[in-house]
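Structure record follows, encoded as structure tokens.
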2 protein chains.
Amino acid sequence: MRDVKRVTMEDVAREAGVSRALVSIAYRDAAGVSAATRARILAIGERLGYAPDQVAARLAGVGGRTVGVFIQDLHNDVFADVFDGVRAVVEPARKSLVMAVGTLDGRGDAAALDTLRRSRVDVIVGVGLQLPDVAVQAVSRHVPVVAVARDIPSVDAVITDNEAGARAAVEHLAGLGHRRIAFLANPPGDGYGGRGSGYAAAMRAAGLAPRVASSSYLRAQAAIDAAALLDGPEPPTAIFAHNDQAAFGVLDAAHDRGLVPGVDVSVVGYDNSSMSRAPGTALTTVDLHGAELGRAAAELAAERVSRPDAERLTRTSAPTLIVRGTTGPAPS
Amino acid sequence: MRDVKRVTMEDVAREAGVSRALVSIAYRDAAGVSAATRARILAIGERLGYAPDQVAARLAGVGGRTVGVFIQDLHNDVFADVFDGVRAVVEPARKSLVMAVGTLDGRGDAAALDTLRRSRVDVIVGVGLQLPDVAVQAVSRHVPVVAVARDIPSVDAVITDNEAGARAAVEHLAGLGHRRIAFLANPPGDGYGGRGSGYAAAMRAAGLAPRVASSSYLRAQAAIDAAALLDGPEPPTAIFAHNDQAAFGVLDAAHDRGLVPGVDVSVVGYDNSSMSRAPGTALTTVDLHGAELGRAAAELAAERVSRPDAERLTRTSAPTLIVRGTTGPAPS
DNA sequence: TTGTACGCGTTATCAA
DNA sequence: TTGATAACGCGTACAA
């Protein structure tokens, strides 16, 4: 049923009557073999069911051809967008991609990064890193890291302007006449602090009083925290959540209270995840432009590999507000 | 800024005044080293910033410790559920996981599987495989494959009872008084044919005439196909879509026409993806129990590795209907 | 505990 | 140019 033995390059070489080195050259499309011989070698390899062993190749090779991608959570659609962007750059360059997935609570992140480091990747693109700055910096001493949407001193990064995104959200809501606009905050120190500070700055600029409720990434927790706001004194007429997941929690809480989003209470998320586009939800949100971030990160990664000693590399991306159905005029 | 040279096991051995073999033993927690020496070796390794190279280990090791996971599409939440299940089994067993991601149109699937094969994985768990049976069988001649939610002759599989899921959906709708229940079909030959046949059987059993509209995985296409149904003669009062993505397309079409889901038209999806749980959407759907499928697949994978010549291994899982807000009594 | 033969390609270095 | 030879990468496993 299954091949008992693995077919190796040696097998192909013997069958073709050439050296192993020549087979290697042929398979890598490298210079040093005549077209005719190359074709013959590949044909024989095909017939034998041979495929070069990537593990051996990675061990023997010169390096610089493997990109590691850390993804915080496969359930978050935004990360998938970023991954698509990374792939769009890495695959055409014929480099290989190694993935490692963290855990939602961040506890598995260090292990996942360690896996990448030990997998001989030449550079790591970190998507949704939740580790403290120092932990990321520690990893980057062994393997260069390009952080996506997170600004860590001395670590290459594709930075997204969280302040601008938050400002756009607040200005949108203020323009609709909302005055009691609350912010459902992300965990402190997660690198998205700009969303909170941008919110606060925009509120003050609009002559409004910031009102921040701490919360978490978990939708259920966000629902609880939003409920506290909505049931408290002087409930906000609009809630800006630090990301879409949390915004869904807010919508859950609103729904429980019979409040119609966009009418009784306005809700803005952050990320433009696919769930925010769900029919019936139509969440107004800030688009992170994930694929673009991913492409930029992959480009920075390539640059870092070719110039290991370059100064810190960064690129900046600007989010844009997407108005959908969960925001509307402030109730009078 | 970064370590210029990679620290190897040899470096640690020299520093500790022992052999490389002993360092290897110490790091693998294997028998053959005294506790004191082991601690000393690990301490020195720590100080030197050493981490065992997994690539070299995989090349040298005996095998049977690496599981490959093919995932069709990172944007589909159900696959993430399955992945979680796989991981829940693989990680505690201290095996390593290698991932490869396909493409939505299925064109990249062969390449992704090939990547896994060449990565020396001992077994592949295939999630969302769209390749033809023969292509999967071809891969499985080199590396055993465990297919998730797909039934391919001679390939190990965790099978989900699509017929039962479809039947539950139809019976639910028929019980609500619907008589014109249409099925928005998946592409033929994708392995989920049971949803269509289960639908047809359940319809006939209920004394109703099956009505199948062909469609695709794409939400936009599903919207077009659903629109044709809704605008046509004798429009269905209920539409059962082959998966959640397509069901969202149906909801889009309904929304465009001012039809309220659950009131004017009932909609049932399949998968119980996270989007189906979105507030305001609340899609009635068939729960695939992704994490359970993933766990079962990982268990089968382990069994296959330990018994390479065993007969075909299969396990069956039963989906369950989850009634939410998009289904309601048939309009009179 | 140690020596040492692998595992499977890649990449100089060298010869024709 | 076309090709061969041999060292190398970094651990693992087994005999000594």
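Values reported hereafter were calculated over all heavy atoms of this structure, with side chains retained and with hydrogens, waters and symmetry mates removed. Below, read A as the first sequence line, B as the second, and so on, with proteins coming before strands; counting in each chain starts at 1.
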Just one of A/Val148, A/Val78, A/Asp81 clears the side-chain contact (heavy atoms from CB on, under 4.5 Å) bar with A/Val127, so which one? A/Val148
Which residue, A/Val139, A/Leu113, A/Ile152, forms the side-chain contact (heavy atoms from CB on, under 4.5 Å) with A/Leu131? A/Leu113
Okay, side chain of [X], backbone of [Y]: is any donor-acceptor separation there less than 3.5 Å?
X	Y	answer
B/Ser19	B/Leu22	yes
A/Gln137	A/Pro153	yes
B/Arg118	A/Pro52	yes
A/Asp122	A/Thr66	yes
A/Ser34	A/Thr37	yes

Contact residues, residues 111-121 of chain A to DNA chain C [heavy atom, < 4.0 Å]: none
Let's see if you get this right: which residues in residues 51-63 of chain B place a heavy atom under 4.0 Å from DNA chain C? B/Ala56, B/Leu59, B/Ala60
Distance-only criterion, 3.5 Å: show the donor-acceptor pairs between side-chain atoms of residues 91-102 of chain A and protein atoms not counting sequence neighbours.
none

Which is the 5'-most and which the 3'-most nucleotide of DNA chain C that has an atom under 4.0 Å from a heavy atom of chain B? C/dT1 to C/dC8
I want to check something: taking the side chain as every heavy atom from C-beta on, are [X] and [Y] in contact at a cut-off of under 4.5 Å?
X	Y	answer
B/Asn76	B/Asp73	yes
A/Val86	A/Arg295	no
B/Asp133	B/Arg150	yes

Under 4.0 Å, heavy atom to any atom of DNA chain D: which of residues 16-29 of chain B qualify? B/Arg20, B/Ala21, B/Ser24, B/Arg28
State whether a side-chain donor-acceptor pair under 3.5 Å links B/Arg28 with B/Ser24. yes
Pairing residues for A/Asp11 by the salt bridge (Lys or Arg N to Asp or Glu O under 4.0 Å) criterion, not counting sequence neighbours: A/Arg14
Footprint ends on DNA chain D, 5' to 3', for atoms under 4.0 angstrom from a heavy atom of chain A, come out as D/dT2 to D/dC10
Could you work out, with side chain to side chain donor-acceptor pair (under 3.5 Å) as the rule, every residue matching A/His75, not counting sequence neighbours? B/Asp77, B/Asp84
List the residues meeting side chain to side chain donor-acceptor pair (under 3.5 Å) with A/Thr103, not counting sequence neighbours, and say none if there are none. A/Asp105
Quick one: list whatever passes ring-ring contact (aromatic ring centres under 6.0 Å, His included) with B/Tyr50, sequence neighbours left out. B/Tyr27
Selection residues 37-65 of chain A - residue pairs positive for salt bridge (charged side-chain N to carboxylate O under 4.0 Å, His left out), sequence neighbours left out: A/Arg6-A/Asp53, A/Glu15-A/Arg47, A/Asp29-A/Arg38, A/Asp53-B/Arg120
Angle separating the five-pair end axes of the helix from C/dT1-D/dA16 to C/dA16-D/dT1, nearest 10°, is 40°
